[in-house]
2 protein chains.
Amino acid sequence: MRQDGSGIDLELSVGYRLKVATSALHAAMEEVLRPLGLTITHYSTLEQLAQRPGVSSSDLARGTFVTRQSMSTVLQTLAAAGLITRADTAAHGRALPVELTAVGRERLAAASAAVLAVERRMLADVDEPGLIALRDLLDRCTRALRA
Amino acid sequence: MRQDGSGIDLELSVGYRLKVATSALHAAMEEVLRPLGLTITHYSTLEQLAQRPGVSSSDLARGTFVTRQSMSTVLQTLAAAGLITRADTAAHGRALPVELTAVGRERLAAASAAVLAVERRMLADVDEPGLIALRDLLDRCTRALRA
DNA sequence: TGACGCATGACAGGATTCTGACATACATTG
DNA sequence: CAATGTATGTCAGAATCCTGTCATGCGTCA
């Protein structure tokens with residue numbers, strides 16, 4: 001317990017619990033992705049590519065919450081592993097569209113299954129109304145912070 | 001939307017929303033802590049010290065979700081800034097108790113106020129029952145992942 | 001008493017990420 | 001048409017953090 005009332009009680013702070021939950025999720029995801037040779041950032045990039053084929057590196061960076069520079073190296077790694085291909089000429093502007101290869105799609109399928117299992121484990125003790133409430137509450141927090 | 005049903009729909013994934021919310025919170029906290037010359041890890045360390053004076057570096061590392069090595073450098077920085085003191089001899093075992101200085105307490109008070117404002121902003125659109133539900137849901141997720 | 005497990009702290013090395021800066025390409029606006 | 005703003009990609013450098021490793025100190029147990 002606290003000695004004074006001026007600070008933040010970590011036991012009541014939503015921010016701290018957010019960090020704790022995210023940390024646990026991060027660790028669980030790393031654990032299941034490591035056997036597949038993927039980091040969380042790699043997986044996240046592949047997942048985005050599956051949902052939005054042909055996006056630019058900068059788009060991927062924004063969706064993955066890393067800088068453009070970091071995404072550039074991530075794409076180099078994924079390309080070297082044969083999981084993605086990147087156009088060498090820009091059809092419009094400077095953006096070089098990125099696409100999944102067949103191998104990339106396979107690897108992503110395995111990774112998605114593993115991550116989905118983690119998500120289900122995380123939500124094992126949450127019923128359907130709770131799930132809906134959780135999504136809504138997290139969205140409210142995000143919107144309020146961005147406003 | 002998805003082209004196939006094999007992957008994870010980011011729009012429905014709780015894990016992704018957790019990441020989005022945490023990212024927004026992280027950015028907001030960095031913004032208010034920067035003028036105080038503190039990083040989030042620094043602030044988190046000071047906050048833990050206020051609630052549990054005399055803890056070891058390793059304890060702080062666990063509570064802040066960094067490695068012992070990183071916490072060691074954090075403590076060096078905080079000590080150089082005069083915000084903490086670290087015993088040079090171990091009263092028991094090898095643990096060197098860490099304590100806040102008066103300056104550290106002052107700085108922490110300012111940081112806590114700033115972070116508390118961010119937390120309130122994040123929860124501006126959440127009522128009391130929602131707050132209780134959010135805490136409970138996050139705890140459930142964390143427990144389920146650790147099991 | 002001695003062996004073992006466990007935790008803490010510190011050091012070296014490497015990997016990853018970020019900050020800052022610059023050139024290019026398109027859209028907008030005067 | 002020229003100027004400006006915005007967005008992308010890339011290079012160089014620095015900062016940060018982690019992995020691997022080792023020595024020390026305490027507790028437990030045979």
Side-chain angles (χ1 to χ4, degrees), chain A residues 19 22-24 26-31 33-35 37-46 48-49 52-81 84-99, chain B residues 19 22-23 26-31 33-35 37-45 48-49 52-81 84-99:
Chain A
K19 186 175 182 180
T22 302
S23 174
H26 201 270
M29 287 178 66
E30 272 185 338
E31 192 178 343
L33 288 175
R34 192 175 305 122
L38 295 176
T39 67
I40 295 184
T41 303
H42 291 169
Y43 159 72
S44 185
T45 301
L46 294 179
Q48 297 241 355
L49 273 173
R52 300 191 293 151
V55 294
S56 69
S57 175
S58 292
D59 275 332
L60 290 170
R62 276 187 289 272
T64 320
F65 304 102
V66 297
T67 58
R68 294 197 305 271
Q69 294 83 342
S70 296
M71 182 51 66
S72 180
T73 65
V74 168
L75 292 182
Q76 285 175 20
T77 302
L78 292 175
I84 66 161
T85 58
R86 194 169 189 194
D88 51 353
T89 63
H92 183 74
R94 292 199 72 192
L96 304 176
V98 183
E99 307 257 354
Chain B
K19 186 175 181 180
T22 302
S23 174
H26 200 272
M29 284 179 68
E30 272 184 338
E31 192 179 342
L33 287 176
R34 191 174 306 120
L38 294 176
T39 68
I40 294 183
T41 302
H42 290 170
Y43 158 73
S44 185
T45 301
Q48 296 240 355
L49 273 173
R52 300 190 294 151
V55 294
S56 69
S57 175
S58 292
D59 275 331
L60 290 170
R62 275 188 291 271
T64 320
F65 304 101
V66 296
T67 58
R68 294 198 302 273
Q69 292 81 345
S70 296
M71 180 52 65
S72 180
T73 64
V74 168
L75 292 182
Q76 286 174 20
T77 302
L78 292 176
I84 65 163
T85 57
R86 194 170 189 195
D88 50 354
T89 63
H92 183 74
R94 293 198 70 193
L96 305 176
V98 183
E99 307 256 353

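What you see is a predicted model; the values in this text were computed from it and never measured. Letters go in sequence order (proteins before strands), and every chain restarts at 1.
In this structure, the CG atom of A:Leu96 is 17 Å from the P atom of D:dA7, given to the nearest Å. As a whole-Å value, the separation of A:Met71 CE from D:dG9 P is 11 Å. A:Leu60 has its CG atom 9 Å from the P atom of D:dG9, to the nearest Å. Atom C1' of nucleotide C:dT8 and atom CG of B:Leu75 are separated by 13 Å, given to the nearest angstrom.
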Problem set entry | Sequence-aligned protein contact record of nucleotides 11-27 of chain D, with B where the base is within under 4.0 Å of a protein heavy atom and S where only the sugar-phosphate is | B-----SSBB--BBSSS
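The side chain of A:Ser56 sits closest to D:dT8 out of C:dG9, D:dT8, C:dT8.
A:Ser57 and A:Ser72 are not linked by any side-chain donor-acceptor pair at a separation below 3.5 angstrom, with hydrogens and angles left out of the test.
Under the rule for a side chain to side chain contact (heavy atoms under 4.5 Å, CB included), the partners of A:Ala61 that lie at least two apart in sequence or sit in another chain are A:Val66, A:Met71. Residues passing the side chain to side chain contact (heavy atoms under 4.5 Å, CB included) test with A:Glu99, sequence neighbours excluded: A:Pro53, A:Thr85. With sequence neighbours excluded, the residues satisfying side chain to side chain contact (heavy atoms under 4.5 Å, CB included) with B:Thr67 are B:Gln69, B:Ser70. Residues forming a salt bridge (charged side-chain N to carboxylate O under 4.0 Å, His left out) with A:Arg68 (at least two apart in sequence, or on another chain): none.
Other residues, nucleotides and ligands contribute at most 12 non-hydrogen atoms within 6.0 Å of the CD atom of B:Glu31.
Side-chain contact between B:Asp88 and B:Leu96: absent, with no pair of heavy atoms (C-beta onward) separated by less than 4.5 Å. Between B:Asp59 and B:Val98 there is no side-chain heavy-atom pair separated by less than 4.5 Å.
Contact check, A:Arg86 against D:dT8: no side-chain N or O comes under 4.0 Å of OP1 or OP2. Using a 4.0 Å cut-off, some side-chain N or O of B:Ser58 falls inside it from OP1 or OP2 of C:dG9.
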For this session: Give the dot-bracket string for DNA chain D, reading 5' to 3', where a pair is Watson-Crick or G-U wobble with both distances under 3.5 Å, ( ) marks pairs inside the strand, [ ] marks pairs crossing earlier ones, | marks a partner on another strand, and . marks unpaired.
Result: ||||||||||||||||||||||||||||||
